[in-house]
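The structure under discussion appears below in the form of structure tokens.
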Amino acid sequence: MFKRLIKEKTRYNPLEYENKIYNFWIPYFKYKKRSGKNFTILIAPPNITGSLHMGHALENIILDFLARYKSLLGYDVVWFPGIDHAGIATQNVVEKELKKQGTNRFELGREKFIEKIWQWKEKNENIILDQFKKLGLYLDWSRKRFTMDKKYVEWVEKAFIVYHKKGLVYRDLRPVNFCPKCKTSLSDLELEYKQTEGFLYYIKYPLKSNGFLTIATTRPETILGDVALAINPKDYKNFDLIGKTALLPILNRELPIIVDARVDPDFGTGILKITPAHSLVDYEISQRHHLPMISVINEEGFMNKEAREFEGLSYLQAREEILKRLKELDLIEKIEPLIHQVPICDRCKTEIQVIPSKEWFLKMDYLSNLAYKAISSKEVEIFPPRFKKPYFGWLKNIRDWCISRKIWWGQTMPVWYCKNCSDVYEISRKKPSKICKNCKKKIWIKTDEVFDTWFSSALWPFAILYSHKEKKFYPADIVASAREILQLWIARMIFSGKFFTKKYPFKKVFIHPTVLTKEGKRMSKSLGIGVDPLDLISKYGSDSLRFGILWQMSARQDLKFDESPVYQGQKFLNKIWNAYRFYFLNLNNFKKKNKSDKLSSFDKRILKSLRTTKKFVAKKAESFEFGLSLKKVYKFFWNELCDIYLESWKKSSKNNFKVFERVMFETLVLLHPFVPHITQLIYFSFGRKKPIFFEKWD
RNA sequence: GGACCUGUAGCUCAAAGGUUAGAGCGUUCGCUUCACAUGCGAAAGGUUAGAGGUUCGAAUCCUCUCAGGUCCACCA
């Protein structure tokens, strides 16, 4: 269909052909057993909220390069597209839409709200997936997956049930981050930190014997929940306090003075008040010392009955009242201004309360060990290797994983509570048929709690590659990921995969460079800094964008994105086009003229150069050095092939025509993983009708 | 606070201990030469952040200083 095009046009316009070429490829992307050797890529499913950003573009261009390169080496490519429901992020976006319409999710109710999200998903899914098509990705579109597919939900529920059966799941009352406005617990990831000018209050606590000690706090209202005071074991200046007992002002509760390494001896007075109910660190310390937890603030941010006379006040009002009382008692030593980071909800910007809540946890000791072994045994390789360090560090300090969320959008947990007895539950996918062991009745109500979205993401590899009678695709050869989800996603896939299938879910993890702005700052949509890859595609075309990204990429360091290499890519495409134009226009002419079987010095030179270039590209593909290999290919093509070899033909040298044919064809194949669309188009001009990626590299 | 990365031409990057530190973009000048003006030919542009050390030899290895950045954790 495009065969004669090349003779007619002196300019190559990528925008004219790329879509058509992609559509031509789609049926061939469908997985089919040809050689029997698979090359399996695990895709990182984008959020349904998301539009493509440079990180996605980079990540998937790299993978697509590998897919095409491996295909040329004779592998059958396995790469299936998918998208992620992305729990809280999606809920957030849809809530913003509702706000524009003058309503909110509470007005709508849970069912209607979820229905809205589904509508939203149907509408946006294709927009997102089309962006992958624009990048030219080698994806099998017949096997699309979504993390809220019926089958996928089933996997998530079953995984939870198996974990529970093996004793790795428990329910516990613990302090969690809670947004009073959104009325849900939040993971640490869903917090932002806002620099705030506040005060550090130095408060005197009487000692039981006699005298006083002083603690420093930014939140005097939480002192009512104190259960102990702590000092650092190396804090000599406070040594004489060890073993003594202090009295909590106002309430006069006795507080033991304990020793814990977690206390910073240099902050404030070096004495930390332990308030397990309203601080995660304090909770951790309290666990080590078997201390109770006393909650004084409720989920709405108001003082509860444990706060006695302050009950019913908001935490801010309580702060004022308590300070007033302390002043009356002459227990305030001093007040210093302090600039500190206050956690706020990343959606509504409300200040987060840490409050105890009953949540579901996954025990991490056994599982984190699996994740540790994967890397230490080298069964799973992390590249570049320097990322092993934070990976191991995270596993070493890991806490049990809170896997429940009180949001609405997500996979509902297969948990049933007895309507009469609040703490009795059964775990099963269907409504339990047993009676409640407490009230002997059978009134089971399914929980509202949903899974942490990462709990579901952790199961992605085998839900997409292992299930549905497609075991043969598991494990994957490679997954590429941004560094910030090494722990959140990669580590969790590793232990989940091993736990449920006995096999690690992939062999190699490539932590790709972060795409920064030209100024070296992180690209951020909300701050309005960054470049939209789709804009670049509509300006320069997909091959040009790919060229621009690969040109700038190094495996080792972050990439400050510059637009000019994308333009350079466009020029390169034109150069390729015209080199082949030259070839096709002069084909018959040269064939008649050169019948020699001997090789000229130009022939020898170009053959050698082609060989070393191919070798270089093959070697660099293993270490993800695409920037270097593209530069090598670029120089080969422009300087060796065009400037020297093609020019030599103009001067009617004694070149060998067969070498000419061979070099031009092999070069096209060599160029394919770098600039797929144009090479396919020229491939048609060679009279071939199949995809070029079914050619042989050698 | 912890870990990691980076400072080389105006900009983005190469140069994996060894000639005169190289490309692209940008700048300046000359060419419509029959594949390509998105091209061809040429030129200007550098104390490799700074200091010290190792070495016959350092942009490269080591130490310190300065500057920029990323991720993780988070302080009461």
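Just so we're clear, the structure is a prediction, and the values are computed from it rather than from any experiment. Here is the naming used below: chain letters follow the sequence lines, and residue numbers restart at 1 for every chain.
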* Asked: Are any of A:K560's side-chain N or O atoms less than 4.0 Å away from OP1 or OP2 of B:rG69?
  -> no
* Asked: Can you tell me how far C1' in B:rU47 sits from the matching atom in B:rU8, rounded to whole Å?
  -> 12 Å
* Asked: Under 4.0 angstrom, heavy atoms only, what part of the nucleic acid is A:T222 near: base, sugar-phosphate, or nothing?
  -> nothing
* Asked: What is the distance, rounded to the nearest whole Å, between atom CD of A:Q552 and atom C1' of B:rC11?
  -> 11 Å
* Asked: Please give, in whole Å, the distance from B:rU12 P to A:D558 CG?
  -> 14 Å
* Test the A:R546-A:W551 pair against the cation-pi criterion, namely NZ or CZ under 6.0 angstrom from the six-membered ring centroid and within 45° of the ring axis. => no
* Classify the nucleic acid contact of A:K620 as base, sugar-phosphate or nothing, counting any heavy atom under 4.0 Å across all strands shown. => base
* Asked: Ring centroid separation for A:W649 and A:F590, is it under 6.0 angstrom?
  -> yes
* Asked: What about A:E647, does its side chain sit under 3.5 Å from the base of B:rA35 through a donor-acceptor pair?
  -> yes
* **Selection from B:rG24, B:rU70, B:rA35 that lies nearest to any side-chain heavy atom of A:L516** => B:rU70
* Asked: So is A:R174 actually on top of A:Y283's ring, under 6.0 Å and inside 45° of the axis?
  -> no
* Determine the Euclidean distance between corresponding C1' atoms of B:rU32 and B:rA37; express it in Å to zero decimal places. => 7 Å
* Asked: Does NZ or CZ of A:K591 come closer than 6.0 Å to the centre of the six-membered ring of A:F657, within 45° of the ring's axis?
  -> no
* **Donor/acceptor link under 3.5 angstrom from A:K635 side chain onto base of B:rA23** => no
* Asked: The side chain of A:L628 lies closest to which of these nucleotides: B:rA14, B:rA16, B:rU38?
  -> B:rA14
* With rounding to whole Å, what would you report as the distance between B:rU60 and B:rU55 at their P atoms? -> 16 Å
* RNA chain B base-pair string [pairs: Watson-Crick or G-U under 3.5 Å; |: paired with another strand] -> (((((((..((((....[...)))).(((((.......))))).....(((((..]....))))))))))))....
* Asked: Do any side-chain nitrogens or oxygens of A:K571 fall under 4.0 Å of OP1 or OP2 in B:rC25?
  -> yes
* Between A:R483 and B:rC71, does any side-chain N or O lie under 4.0 Å from OP1 or OP2? -> no
* Asked: Is A:S279 touching bases, backbone alone, or none of the nucleic acid, heavy atoms closer than 4.0 Å?
  -> nothing
* Within the pair A:K650 and B:rC34, is there a side-chain N or O less than 4.0 Å away from OP1 or OP2? -> no
* If we take the P atom in both B:rC13 and B:rC75, what is their distance in whole Å? -> 35 Å
* Measure from NZ or CZ of A:K9 to the centre of the six-membered ring of A:W577, then state whether that distance is under 6.0 Å and the direction lies within 45° of the axis. => no
* **Atom-to-atom span, OH of A:Y634 to P of B:rU38 - whole angstrom** => 14 Å
* Asked: Between A:F572 and A:R581, which is nearer to the 5' end of RNA chain B once each is assigned its nearest nucleotide?
  -> A:R581
* If the C1' atom of B:rG45 is compared with that of B:rC11, how far apart are they to the nearest Å? -> 13 Å
* Structure fact -> Contacts of A:F387 and A:K631 projected onto RNA chain B by closest heavy atom; the upstream (5') one is A:F387
* Expressed in angstrom and rounded to an integer, what is the separation of A:R386 atom CZ from B:rA3 atom P? -> 15 Å
* Atom CZ of A:F561 and atom C1' of B:rC11: how far apart are they, to the nearest Å? -> 14 Å
* Quick one: A:E563 CD to B:rC13 P, roughly how many Å, whole number? -> 15 Å
* Rounded distance in Å between the C1' positions of B:rG22 and B:rA16 -> 16 Å
* Given atom CZ of A:F637 and atom C1' of B:rA35, what is their separation to the nearest angstrom? -> 10 Å
* What is the ring orientation for A:Y201 with A:F199, classed by angle as parallel under 30°, tilted 30 to 60°, or perpendicular over 60°? -> tilted
* Asked: If we take the P atom in both B:rA21 and B:rC64, what is their distance in whole Å?
  -> 30 Å
* Side-chain donor-acceptor pair present, A:E563, A:Y540, cut-off under 3.5 Å -> yes
* To do: Could you check how far OH of A:Y391 sits from P of B:rC72, rounded to whole Å?
  => 16 Å
* Taking the side chain of A:S564 as heavy atoms from C-beta outward, which of B:rA35, B:rC25, B:rC11 is closest to it? -> B:rC25
* **Geometric class of the A:F584/A:F686 ring pair [parallel <30°, tilted 30-60°, perpendicular >60°]** => perpendicular
* Pick the C1' atom in B:rC5 and in B:rA9, then give their distance to the nearest Å. => 23 Å
* Asked: Below 6.0 angstrom between ring centroids: does that apply to A:F572 and A:F637?
  -> yes
* To do: Scan A:Q570 against the nucleic acid and name what it touches under 4.0 Å (heavy atoms): base, sugar-phosphate only, or nothing.
  => base
* Asked: With distance as the sole criterion, is a donor-acceptor pair present between the side chains of A:H289 and A:D260 under 3.5 Å?
  -> yes
N/O contacts under 3.5 Å, protein versus nucleotides 40-43 of chain B?
residue, atom, partner, partner atom, Å
B:rC40, OP1, A:K575, NZ, 3.1
B:rC40, OP1, A:W638, NE1, 2.6

* Output, in order, the C-alpha distance, side-chain angles, deciding distance and verdict of salt bridge (Lys or Arg N to Asp or Glu O under 4.0 Å) for A:D226 and A:R253. => CA-CA 9 Å; A:D226 287 0; A:R253 185 156 62 228; over 6 Å; no
* Quick one: which of A:H278, A:K273, A:R319 gives a side-chain hydrogen bond (donor to acceptor under 3.5 Å, both in side chains) with A:T222? -> A:K273
* Structure fact -> Regarding the side chain of A:W551, the nearest nucleotide among B:rA23, B:rC72, B:rA35 is B:rA23
* Structure fact -> Checking B:rC4, B:rU70, B:rG24 against the side chain of A:R522 (C-beta onward), the nearest is B:rU70
